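Written out below as structure tokens is the structure these notes cover.
Chain letters run A, B, ... following the sequence lines, proteins first and then strands; every chain starts at 1. Every value quoted in this text rests on a predicted model; they were computed, and no experiment measured them.
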Amino acid sequence: MDEEKRKDILERLKNGVVEFDEDMVREAAQEALDVGMDALDAIMNGLVAGMEEVGELFDKGEYFVPEVLMCADALYAGLDILKPHVKKEDIKVSGQVVIGVVEGDVHDIGKNLVKMMFEVAGFEVIDLGKDVPLEKFVEESLNANADIVALSAMMTTTMLGMPKVIEMIREKNPNAKILIGGAPVSKESAEKWGADGWAPDATNAVKEAINMVRGLKKEVMGEE
Amino acid sequence: MNSKERVKKIFSKKKVDRVACFSGMGNVTVEGLKKYDYAFYEIHLDAEKMANAACTSYELYGFECAVAPFDLGIEAEVLGAEMNFYTHKRKEDIVYPTVKKKAIENPGDLSVPEGIAEKGRVPVVLKALEIMQKKVGDDVPVATYILGPYTLAGQIMDLEKLLKMSFKKPDEINALLSSLADFLVELGNIYFDAGIDYLTVREMGAPTDVLSPRMFRNLILPHLKEVFSGVKRPSVLHICGDTNIIVELMWESGATAISVEQKNDVAKTREKLGDEAIIFGNIDPFGTLVQGSVENIRSAVKAAIDGGVDSVWPGCDIWPAVPKENMIAYVKAVEEFGKR
């Protein structure tokens with residue numbers, strides 16, 4: 001396929017996500033399939049690249065939470081079209097992601113955005129939902145032999161469940177990578193509790209998830 | 001001058017002997033629960049337990065108010081939401097009630113019942129406020145809080161849907177927020193009629209971490225104005241997060257006073273709003289009060305007073321796990337640094 005055409009489609013996928021233009025994304029995604037473009041290429045270098053830019057706009061204070069949510073909808077619009085066409089051998093990541101919001105907390109916007117990024121990258125995600133008892137994270141991560149456990153909390157009071165979960169998981173499933181996120185979470189607490197990644201808000205969590213996913217894909221697939 | 005007189009004067013900007021150490025939000029502590037051997041979940045559901053718990057921070061530490069309830073579900077419940085009170089938890093577990101099932105699917109589905117004084121847990125709160133007035137009302141002010149219209153909208157409908165519709169369908173959200181403002185005015189005045197000394201409106205769902213200042217001005221502020229022009233006074237507007245860029249708008253809401261948290265630079269806020277504004281803040285309820293040392297607490301209190309607060313308030317509910325010695329140091333520091 002013509003490299004210029006590929007670039008053009010990727011640019012439109014990216015811009016469609018950034019400008020939360022679902023129609024633009026759908027059209028570009030369909031065209032990607034029509035011209036025989038690799039679906040995973042379109043997802044990672046079009047849709048995900050767009051979401052990364054959204055994260056930067058959020059950090060700069062140009063975008064706020066409603067905008068980010070609409071960008072996510074645009075990303076999903078493209079993903080629905082592209083995902084069925086991703087070649088099976090491109091998703092060789094074994095194991096699973098277990099994700100949820102800790103008990104006492106019902107704020108799940110950040111969790112849903114991070115879940116989306118894992119799905120985008122082809123991971124199988126077990127979503128425990130919100131208000132999840134701490135023991136359930138441990139049980140489910142063991143049952144699924146999870147590679148990644150992602151915990152979210154929006155309130156200080158509920159965040160304090162995180163170190164307990166981390167400790168319990170480390171004991172029984174030491175290889176799992178643990179990602180924690182939410183407004184009250186700080187770098188210091190993440191380090192103190194021994195988490196592998198942390199983020200204070202949804203878009204930074206998305207960035208962190210992208211990095212973690214890229215890292216894991218590299219390990220598993222020997223990419224780049 | 002006792003605490004009740006002091007706070008009353010502070011709300012009318014009259015001369016006082018010192019700034020007060022009080023709050024408009026929950027301030028029960030584990031030590032307070034121990035005094036009555038209550039589980040945290042019990043105090044949300046029973047008027048007498050609620051009232052007893054609400055008076056403990058005054059009784060144990062000299063904290064200068066009694067505030068009930070302790071959770072953010074009273075209004076949502078009246079409007080049809082279902083709560084989880086975590087009554088299955090152990091006695092020592094502190095888990096705040098949350099909304100288990102939202103009340104409405106779409107903004108147009110809202111129906112406000114008649115006779116809200118009789119609905120949900122409003123009678124429990126009213127009874128508790130009455131008991132509190134009898135118990136400590138001669139010494140300290142008795143108060144309660146309501147949610148702001150936008151925060152309440154987020155409690156009764158899916159938050160993600162609310163945020164997106166705020167951008168895509170502002171007319172529908174505006175109509176919802178107006179109806180909620182009317183409901184909140186009615187509820188706030190029911191509380192005033194029951195004898196509260198001030199009312200706090202918590203619009204914590206609309207900080208600048210979530211919504212743009214432009215959206216705050218266009219979508220949030222008009223409905224806060226509806227609330228503050230309808231409820232009796234004194235009233236306080238509390239918003240968490242980084243409020244530096246919206247303090248003028250907060251003050252424009254018509255509240256008697258505004259309350260800000262630790263991310264707000266109160267000295268700058270004082271400079272922006274001038275001497276006549278009544279500003280409360282801005283002690284970090286977790287980083288300072290729970291995790292901090294006595295020295296941290298003293299310097300945070302001093303900084304807030306030097307910054308120009310009219311009274312020292314915690315930036316949110318006081319977290320129940322706050323150590324006893326920290327509460328003592330907190331109240332003492334305000335007495336020491338707050339002399340006028």
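Of the atoms belonging to B:K89, it is side-chain heavy atoms, and not backbone ones, that fall under 4.5 Å from chain A. Looking at A:F58, the atoms closer than 4.5 Å to chain B (heavy atoms on both sides) all sit in the side chain, from C-beta outward. Only the side chain of A:M159 has a heavy atom closer than 4.5 Å to any heavy atom of chain B. When heavy atoms are compared at a cutoff of 4.5 Å, B:V290 does not approach chain A at all. Both the backbone and the side chain of B:S212 come within less than 4.5 Å of a heavy atom in chain A. Within the 4.5 angstrom heavy-atom criterion, only side-chain atoms of A:N112, from C-beta onward, approach chain B. Both the backbone and the side chain of A:T157 come within contact range of chain B, each with at least one heavy atom under 4.5 Å from a heavy atom of that chain. For chain A, the nearby parts of B:L211 are the backbone and the side chain; heavy atoms of each come within less than 4.5 Å.
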Show the numbers, then the answer: is there a side-chain contact (heavy atoms from CB on, under 4.5 Å) between A:D73 and B:K164? CA-CA 10 Å; A:D73 282 351; B:K164 286 192 278 200; 2.7 Å; yes
Check the pair B:N84, A:V106 against side-chain contact (heavy atoms from CB on, under 4.5 Å), reporting the backbone distance first and the verdict last. CA-CA 11 Å; B:N84 183 356; A:V106 292; over 6 Å; no
Taking it one step at a time, do A:F64 and B:M215 satisfy side-chain contact (heavy atoms from CB on, under 4.5 Å)? CA-CA 10 Å; A:F64 292 83; B:M215 199 177 268; over 6 Å; no
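Here CD of A:E103 is found 6.0 Å from OH of B:Y86. Values are rounded to the nearest 0.5 Å. The CE atom of A:M155 sits 13.0 Å away from the CZ atom of B:F286 when rounded to the nearest 0.5 Å. B:L159 CG to A:L69 CG: the interatomic distance, rounded to the nearest 0.5 Å, is 8.5 Å.
The neighbour count for B:E248 CD, taken as heavy atoms of other residues, nucleotides or ligands under 6.0 Å away, is above 12. Residue A:K172 places its NZ atom among 12 or fewer non-hydrogen atoms of other residues, nucleotides or ligands, all under 6.0 Å distant. More than 12 heavy atoms of other residues, nucleotides or ligands shown are found within 6.0 angstrom of NZ on B:K161. Surrounding NZ of B:K272 are more than 12 heavy atoms belonging to other residues, nucleotides or ligands, all under 6.0 Å away.
Looking only at side-chain heavy atoms (C-beta outward), A:I109 and B:L163 come within less than 4.5 Å of each other.
Per-residue counts of heavy-atom pairs under 4.5 Å with chain B were compared for A:V68, A:T158, A:D108, A:D131; the largest is that of A:D131.
When all heavy atoms are compared, the tightest approach of A:G104 to B:T98 is O-CG2, 3.2 Å.
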